[in-house]
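To start, the structure under review is shown below, and the notes come after it.
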Amino acid sequence: MSSTEVGSLCEQGVFSFTVVRNPWERLLSTYMTKIASADRDSPAHAKSLQKYRRAIHTHAGLPAAAPTTNITFGHFVNWLSVQPAGAMH
């Protein structure tokens, strides 16, 4: 859209835009805050995400002794790629 067209729309009182976050940055951010963060084992954080960490751990074939450790970004992405679309929100 040209600047003239944008100006024309703005003069008519029509102005709308959308900001979309980069999906790769969002994926990395989710991993860093939900899986790899330093406070991942705090009671409030760990309890709400425990089922996801266990599922990733099992899917990756990691030893069952420590289900919240050793989950790499690759493990996370591989697990995420096999989730049904309806399970994501």
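All values below were derived from every heavy atom in this structure, side-chain atoms included, with hydrogens, water molecules and symmetry-related copies excluded. In this text the structure is predicted, and so the values were computed from the model without any measurement.
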Distance-minimising heavy-atom pair for Leu28 and Phe73: CA-CE1, 3.9 Å

With side chains defined as the heavy atoms from C-beta onward, is the minimum distance between Leu27 and Phe76 less than 4.5 Å? yes

Is it the case that the side chain of Thr33 and the backbone of Ser29 share a donor-acceptor pair, with hydrogens and angles ignored and the cut-off at 3.5 Å? yes

Backbone N or O of Asn78 within a donor-acceptor pair of the Ser81 side chain at under 3.5 Å? yes

Quick one: does Thr58's side chain have a donor or acceptor within less than 3.5 Å of a partner on Arg54's backbone? yes

Between CD1 on residue Ile35 and NE2 on residue His57, distance to nearest 0.5 Å: 11.0 Å

Out of curiosity, Thr72 OG1 to Leu62 CG, how far, rounded to the nearest 0.5 Å? 7.5 Å

So, taking the atom named CD1 in Ile56 and the one named OH in Tyr31, what distance separates them when rounded to the nearest 0.5 Å? 9.0 Å

Just so I know, are the side chains of Thr30 and Leu80 near enough to count as touching, which here means a heavy-atom distance under 4.5 Å? no

